[in-house]
There are 2 protein chains.
Amino acid sequence: MATSRRKTAPGRAAPETGPAGTSAAGARGSPWRASGERARDRQIKREAVIRAAAHAFNHKGYHNTSLDDIAAALKVSKPTVYYYVSNKEQLLFECFVAGIEPIRSAFRKVRRLKASARVRLQAVLGHYGQAVASEFGWCMVRAEDQDLSPVMSAHIKSLKSEIDQGIRRLLREGVQDGSIHPCDPKMTAFALAGALNWIAHWYRENQSMTGAQIAAAFISVFENGLIPRVSAEATRRTGGAVAGRARR
Amino acid sequence: MATSRRKTAPGRAAPETGPAGTSAAGARGSPWRASGERARDRQIKREAVIRAAAHAFNHKGYHNTSLDDIAAALKVSKPTVYYYVSNKEQLLFECFVAGIEPIRSAFRKVRRLKASARVRLQAVLGHYGQAVASEFGWCMVRAEDQDLSPVMSAHIKSLKSEIDQGIRRLLREGVQDGSIHPCDPKMTAFALAGALNWIAHWYRENQSMTGAQIAAAFISVFENGLIPRVSAEATRRTGGAVAGRARR
DNA sequence: TAGGATAGCTACTCACCAGTATGATACAGC
DNA sequence: GCTGTATCATACTGGTGAGTAGCTATCCTA
């Protein structure tokens with residue numbers, strides 16, 4: 001607790017979150033090429049550290065993973081890990097960001113689509129499910145406020161909220177354009193996200209289904225609902241643009 | 001790791017799981033009444049310990065809660081806590097059991113019902129949701145294999161699996177009796193349980209909705225599905241016993 | 001009223017682990 | 001070859017927290 005923030009190494013201002021966009025000087029044969037290569041090397045190694053951390057957190061949990069474990073997995077020593085990230089918390093945060101980024105990008109992509117809200121939601125949920133089933137899914141889903149400093153916690157909360165609000169918006173739009181059955185957007189968003197988030201608890205690689213397949217199966221459940229449909233096929237084929245005045 | 005199990009106090013053979021069944025001699029005015037009262041006292045205190053642990057785990061997480069914290073909350077010292085439970089892991093396990101028991105009991109109750117499988121499932125899920133939103137919900141849902149010894153882990157897994165299988169069975173029965181839309185029972189059970197489990201992540205007491213209300217809202221989402229229903233009301237009123245031959 | 005069980009406390013031990021001080025090596029640029 | 005910076009290791013510190021040793025007090029039974 002009490003967030004013992006350190007002075008983040010005086011010299012090189014740590015790259016922090018950003019993907020350190022190839023720090024100028026590309027690799028076009030210039031005399032600086034070597035230094036550019038170094039920077040790229042560093043970035044690659046940094047990502048390896050984050051990936052190793054995600055893997056370890058995934059399998060043993062955040063608290064049961066020591067930085068020595070992560071270092072050992074990379075066959076380096078602990079200070080080497082600290083050379084690439086400033087502390088354990090930041091490591092979790094980076095994993096979180098790596099996990100959530102694909103979802104944010106899915107929202108952006110979908111925004112350009114000219115389909116019914118339900119179809120757009122479907123696309124987003126598909127990416128969501130895949131992200132949760134990815135290596136970073138666990139970190140994304142399980143990054144607990146409890147384990148993080150207030151600053152990190154707030155940052156993560158806002159990112160999560162962004163996703164939540166995006167889903168709610170699609171739901172509202174769907175109810176309006178008649179492609180989604182009238183519902184409470186808040187509760188429905190919680191139910192959808194919850195089901196998908198939970199994948200991180202039981203899914204492990206090498207399972208019989210891929211993340212995409214699971215997401216598809218879940219979406220089918222969400223869309224149809226438990227109550228039998230008199231004519232599921234017919235309703236399906238209308239592509240969502242059905243009469244939206246279902247009840248009163 | 002490596003489970004540094006200690007030798008579990010030689011003297012008093014810890015009560016372990018059993019509810020310490022009122023050690024003979026009831027409480028019917030006999031000279032042993034006092035001792036019976038003592039046993040009851042002990043049981044009450046033990047339950048208070050478990051409840052305090054659940055509360056602390058709930059708010060701060062398992063790893064961020066020390067037994068000193070729990071002791072402090074009860075205004076006793078740490079060894080006193082150890083007087084009632086043998087270790088921290090067992091504490092988590094007891095919380096888990098307390099959380100999952102209502103769900104098991106819901107299955108038992110429902111078994112006697114003479115309704116369609118969907119209605120029975122609905123009842124189970126209602127209790128499930130309420131259990132997850134209870135004080136023990138967090139412990140039930142978040143008891144991680146990673147944090148427990150292999151024995152505990154196996155025990156918990158089997159209890160969880162029992163619930164999962166129960167839901168799948170109701171789904172299969174529902175598809176057969178026509179009260180549930182044809183679906184993959186495994187994936188559907190994962191989706192349903194996942195959505196409900198996730199409640200433990202966001203729900204806190206003093207929220208605007210009660211556990212029962214949330215469960216009801218979720219069930220409505222599950223039942224209707226996202227695709228609009230041509231005649232939701234009509235389908236609803238049939239109480240589930242609709243023509244089961246929806247699609248081939 | 002002695003003796004044993006019950007219930008609780010203070011004050012420890014011991015292991016683990018995040019994070020660091022310090023120094024060694026490799027390599028780039030001069 | 002010389003100097004500064006990047007990269008990594010060994011070996012430490014300091015704090016935290018699970019679990020315990022051993023003592024005290026109280027209550028029950030004989």
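Being a predicted model, the structure only gives us computed values, none of them experimental. Computed over heavy atoms, backbone and side chain alike; hydrogens, waters and symmetry mates excluded. Below, read A as the first sequence line, B as the second, and so on, with proteins coming before strands; counting in each chain starts at 1.
The side chain of A:Arg42 places an N or O atom within less than 4.0 Å of a non-bridging phosphate oxygen (OP1 or OP2) of D:dT7. Contact annotation: A:Lys45 side-chain N/O to D:dC8 OP1/OP2 distance is under 4.0 Å. Close to C:dG8, at under 4.0 Å from its OP1 or OP2, lies a side-chain N or O of B:Tyr84. Under 4.0 angstrom from either OP1 or OP2 of D:dA9 there lies no side-chain N or O belonging to A:Tyr83. For D:dT10, the OP1/OP2 oxygens have no side-chain nitrogen or oxygen of A:Ser77 closer than 4.0 Å.
In this structure, the nucleotide among C:dG19, D:dT20, D:dA18 sitting nearest to the side chain of A:Lys88 is C:dG19. Residue B:Asn87 places its side chain closer to D:dG19 than to any other of D:dG19, D:dT20, D:dA9.
Side chain B:Lys78 to base D:dA18: a donor-acceptor pair is found below 3.5 Å.
Nucleotide C:dA18 holds its C1' atom 15 Å from the CD atom of A:Gln90, rounded to whole Å.
Between A:Ile214 and A:Gln207, the closest side-chain pair of non-hydrogen atoms is not below 4.5 Å.
No side-chain donor-acceptor contact under 3.5 Å links A:Asp147 and B:His63. Side-chain atoms of A:Arg142 and A:His201 include a donor-acceptor pair closer than 3.5 Å.
Between B:Arg40 and B:Glu47, none of the side-chain N atoms (NZ, or NE/NH1/NH2) sits under 4.0 Å from a carboxylate O, so this pair counts as no salt bridge.
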